[in-house]
Amino acid sequence: MPVIKVLPHEQYCPNGTEIQAEPGTSICEALLENGIPIEHACEMSCACTTCHVVVRKGFDSLNELQECEEDMLDKAWGLEPDSRLSCQAIMADQDVTIEIPKYSINHARENG
């Protein structure tokens, strides 16, 4: 089973971690299922950028970006060439390393 290595993030995963993910699972689903409470304000419908991650390794193993994801990523804070919305990034059979950006654009965030 492929592994998602999560680099340290002050709020969501202070020490970093490694989790396993079934192929066909989105990175967002895998994070949530493993107790990493990444924001996902649109409930994983590709309508916001709160679950934005930067894929540091394994980017090419993920599914291809669709136009709706590309359009949303243009609005993400800290956009990089290897950025993905974790709700749209589907795991294959290779390991990936991700970084959750320090900030997200969430005007409706309640637990701030």
Side-chain angles (χ1 to χ4, degrees):
M1 192 174 331
V3 170
I4 301 172
K5 180 177 181 178
V6 183
L7 298 177
H9 182 280
E10 182 178 315
Q11 181 179 359
Y12 300 122
C13 191
N15 298 316
T17 193
E18 291 186 3
I19 60 173
Q20 291 187 327
E22 289 281 341
T25 302
S26 75
I27 290 175
C28 188
E29 291 170 320
L31 294 174
L32 295 171
E33 288 170 3
N34 285 276
I36 301 169
I38 189 168
E39 288 187 65
H40 56 290
C42 71
E43 298 300 320
M44 298 184 263
S45 66
C46 196
C48 74
T49 63
T50 59
C51 72
H52 168 224
V53 297
V54 179
V55 183
R56 297 292 180 203
K57 291 184 184 172
F59 183 87
D60 291 336
S61 71
L62 301 170
N63 62 312
E64 289 188 32
L65 277 87
Q66 300 297 309
E67 187 174 342
C68 66
E69 182 181 2
E70 288 181 9
D71 291 345
M72 289 309 304
L73 279 170
D74 287 340
K75 302 172 186 176
W77 183 92
L79 183 67
E80 294 189 23
D82 291 335
S83 288
R84 291 294 304 261
L85 297 181
S86 66
C87 70
Q88 301 300 303
I90 306 299
M91 293 293 294
D93 58 357
Q94 293 182 14
D95 296 349
V96 298
T97 298
I98 64 162
E99 181 176 359
I100 302 171
K102 185 174 182 177
Y103 301 107
S104 75
I105 300 172
N106 186 356
H107 301 290
R109 186 171 181 194
E110 295 177 13
N111 297 329

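Note that the coordinates shown come from a computational prediction; the quantities given were computed from them, not determined experimentally. Side chains are part of it too, since the values below use all heavy atoms of this structure and drop only hydrogens, waters and symmetry mates.
Considering only heavy atoms from C-beta on, V6 comes within 4.5 Å of I100 through its side chain. A heavy-atom distance below 4.5 Å is found between the side chains of C46 and Q88. Under the 4.5 Å side-chain criterion, counting only non-hydrogen atoms from C-beta, I98 is in contact with L31. For the pair N15/P8, no side-chain contact is recorded, criterion being any heavy-atom separation below 4.5 Å from C-beta on. A 4.5 Å side-chain heavy-atom check between S86 and I38 finds at least one atom pair inside the cut-off. Inter-residue side-chain proximity for L62 and I27 is flagged as met; some heavy-atom pair is nearer than 4.5 Å. Side-chain contact between V3 and Q94 is absent, with no heavy-atom pair separated by less than 4.5 Å. Side chains of K57 and V96 form no contact here, defined as non-hydrogen atoms less than 4.5 Å apart.
We find the CG-CG distance between L65 and D71 to be 10.5 Å, quoted to the nearest 0.5 Å. Atom CG of residue L85 and atom CD of residue E70 lie 10.5 Å apart, to the nearest 0.5 angstrom. Note: M1 CE to E22 CD = 4.0 Å, rounded to the nearest 0.5 Å. D74 CG to T49 OG1: the interatomic distance, rounded to the nearest 0.5 Å, is 10.5 Å. Summarising the geometry, atom CE belonging to M72 is positioned 9.0 Å from atom SG belonging to C87; distances are rounded to the nearest 0.5 Å. In this structure, CD on Q20 lies 10.0 Å from CD1 on I4, to the nearest 0.5 angstrom.
Open room surrounds CD on Q66; 12 or fewer heavy atoms of other groups in view lie less than 6.0 Å from it.
Scored by the salt bridge (Lys or Arg N to Asp or Glu O under 4.0 Å) test, E80 finds R56 as partners (sequence neighbours excluded). Here N63 pairs with R84, I90 under the side-chain contact (heavy atoms from CB on, under 4.5 Å) rule; sequence neighbours left out. Shown here are the side-chain hydrogen bond (donor to acceptor under 3.5 Å, both in side chains) partners of S26, two or more places apart in sequence or in another chain: E29.
Nearest heavy atom pair, residue L32 against residue M44, reads CD1-CE, 4.0 Å. Nearest heavy-atom pair, P101 versus V53, reported as atom, atom and distance to 0.1 Å: CD-CA, 3.9 Å. Contact record, S45 with C42: OG-O, 2.9 Å, taken as the closest heavy-atom pair.
Within the structure, the ring-ring contact (aromatic ring centres under 6.0 Å, His included) test picks out no pair touching residues 18-50 (sequence neighbours left out). For the ring-ring contact (aromatic ring centres under 6.0 Å, His included) condition, the pairs that include at least one residue of residues 67-89, sequence neighbours left out, are W77-Y103. Each ring-ring contact (aromatic ring centres under 6.0 Å, His included) pair with one or both residues in residues 44-75, not counting sequence neighbours, would appear here, but there are none.
Although no hydrogens or angles enter the test, the distance criterion places no donor-acceptor pair under 3.5 Å between the side chain of D95 and the main chain of P2.
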